[in-house]
Asker: 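The following block contains the structure, expressed as structure tokens.
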Amino acid sequence: MTKVLVLNGPNLNRLGSREPDVYGTASYTDLVSQVTSLAASLSLDVDVRQTNDESELVSWLHEAVDTKSHVILNPAAFTHYSYSLRDACAMVTKEGLSLIEVHISNPHAREEFRHNSVISGVATGVIAGFGLNSYLLALRQLSH
Ligand code: DQA
């Protein structure tokens, strides 16, 4: 079975209550259940995680390399400045594994500091702006 780690960065545990005008009203629990149920129907083996800690996210990317798992990553605010996360993402894609960067909102339509992603240059692809569907589209891509 194809293994997929779905990794979420800081503040995404507050989905539903955090800026619902930007991120919608679905909670993090809703995200986990939507992702796990679509993954089951696509026969993907998923593990969905969230952390507010950069070093934990880096360690999970190392784990993706070691376990040969593809990655769907919402790096949240780390998108815009974390070179350590970028370097860890590069290890995943250099291994021939897919890493899809996802965003709930469209960062390009928001504040200028969100327009730059230090992750996109080493990602396999980017899906942004479709709410929780960004994750579901990424799962469908990985199932191809
Ligand atoms: C986000 C966009 C980021 O700019 C922001 O810092 C987030 C969430 C998104 O999913 O739209 O925390 O990654």
Side-chain angles (χ1 to χ4, degrees), residues 2-42 44-65 67 69-144:
T2 302
K3 285 188 277 201
V4 184
L5 283 180
V6 180
L7 305 180
N8 292 283
N11 301 309
L12 291 169
N13 54 321
R14 310 297 280 195
L15 276 180
S17 59
R18 172 193 181 204
E19 299 182 71
D21 49 318
V22 177
Y23 299 112
T25 52
S27 65
Y28 178 71
T29 310
D30 296 330
L31 166 63
V32 175
S33 72
Q34 287 188 31
V35 167
T36 47
S37 84
L38 179 63
S41 73
L42 296 173
L44 296 170
D45 173 9
V46 283
D47 188 350
V48 189
R49 304 178 191 176
Q50 188 279 330
T51 182
N52 295 320
D53 180 341
E54 186 176 13
S55 78
E56 188 164 36
L57 209 43
V58 168
S59 298
W60 288 345
L61 290 162
H62 295 173
E63 182 186 329
V65 172
T67 60
S69 301
H70 299 291
V71 176
I72 295 172
L73 173 65
N74 186 341
F78 293 146
T79 306
H80 312 298
Y81 65 90
S82 174
Y83 297 118
S84 60
L85 201 59
R86 177 194 165 99
D87 287 347
C89 289
M91 289 185 226
V92 174
T93 49
K94 286 218 156 65
E95 217 35 56
L97 297 159
S98 293
L99 182 141
I100 304 179
E101 176 185 345
V102 298
H103 298 282
I104 296 165
S105 67
N106 174 4
H108 298 283
R110 300 180 60 197
E111 303 97 316
E112 199 164 339
F113 76 89
R114 297 186 200 275
H115 297 181
N116 185 49
S117 167
V118 300
I119 307 298
S120 300
V122 293
T124 310
V126 183
I127 302 172
F130 301 108
L132 298 189
N133 275 334
S134 295
Y135 294 79
L136 305 181
L137 290 165
L139 280 176
R140 290 192 185 282
Q141 174 59 31
L142 289 178
S143 78
H144 285 161

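One-based numbering, in listed order, for ligands and for the atoms of each.
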Asker: To the nearest 0.5 Å, how far apart are CG in Leu97 and CG in Leu5?
Answerer: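 With rounding to 0.5 Å, CG (Leu97) is 10.0 Å from CG (Leu5).
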Asker: Can an N or O of Pro107 be found at a distance shorter than 3.5 Å from an N or O of ligand 1?
Answerer: no
Asker: Indicate yes or no: does an N/O atom of Leu12 lie under 3.5 Å from an N/O atom of ligand 1?
Answerer: no
Asker: Within the 4.0 Å heavy-atom shell around His80, which atoms of ligand 1 are there?
Answerer: 3 (C), 4 (O)
Asker: Could you check Asp47 against Val4 for side-chain contact (heavy atoms from CB on, under 4.5 Å), going step by step and ending with a plain yes or no?
Answerer: CA-CA 7 Å; Asp47 188 350; Val4 184; over 6 Å; no
Asker: What atoms of ligand 1 come closer than 4.0 angstrom to any heavy atom of Arg18?
Answerer: 7 (C), 12 (O)
Asker: Tell me whether Glu63 is salt-bridged to Lys3, with the criterion being a basic N under 4.0 Å from an acidic carboxylate O.
Answerer: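 Salt bridge flag = no for Lys3 with Glu63.
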Asker: If only side-chain N and O atoms count, and only distance matters, is there a donor-acceptor pair under 3.5 Å linking Ser84 with Glu54?
Answerer: yes
Asker: Please report which non-hydrogen protein atom sits nearest to atom 9 (C) of ligand 1, along with the residue it belongs to and the distance in Å to one decimal place.
Answerer: Ile104 N, 3.4 Å
Asker: Do Asp53 and Ser55 have side-chain atoms, one donor and one acceptor, less than 3.5 Å apart?
Answerer: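 The criterion, which ignores hydrogens and geometry beyond distance, is satisfied for Ser55 and Asp53.
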Asker: So which heavy atom on Val102 is nearest to which on Pro75, and how close?
Answerer: O-CD, 4.1 Å
Asker: Does ligand 1 have any atom sitting under 4.0 Å from a heavy atom of Asn11?
Answerer: no
Asker: Does Asn74, backbone or side chain, put an N or O under 3.5 Å from an N or O of ligand 1?
Answerer: yes
Asker: Is there a donor-acceptor contact under 3.5 Å linking the side chains of Ser33 and Asp30?
Answerer: no
Asker: Determine whether a donor-acceptor pair (N or O, by modelled atom type, separation under 3.5 Å) exists between the side chain of His115 and the backbone of His108.
Answerer: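 Indeed, once roles are kept as given, a pair shorter than 3.5 Å links the two residues.
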Asker: I'd like to check Val48 versus Thr36 (side-chain heavy atoms, cut-off strictly below 4.5 Å). Are they in contact?
Answerer: yes
Asker: For atom 11 (O) of ligand 1, what's the nearest protein heavy-atom neighbour? Residue, atom name and distance, please.
Answerer: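 Closest protein heavy atom to atom 11 (O) of ligand 1: Ser105 OG, 2.6 Å.
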Asker: Considering only heavy atoms of Arg114, which atoms of ligand 1 have at least one such atom less than 4.0 Å away?
Answerer: 3 (C), 4 (O), 5 (C), 6 (O)
Asker: Starting from atom 7 (C) of ligand 1, which protein heavy atom do you reach first, and at what distance in Å?
Answerer: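 Looking only at protein heavy atoms, the one closest to atom 7 (C) of ligand 1 is Tyr23 OH, 3.4 Å.
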Asker: Under 4.0 Å, heavy atoms only, figure out whether ligand 1 is touched by the backbone of His103, its side chain, both or neither.
Answerer: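 Near ligand 1, His103 shows its backbone as well as its side chain.
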Asker: Examine ligand 1 and decide if any of its atoms is less than 4.0 Å from a heavy atom belonging to Glu111.
Answerer: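 No.
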Asker: Heavy-atom distances under 4.0 Å are what count here, so tell me which part of Val102 touches ligand 1: side chain, backbone, both or neither.
Answerer: neither
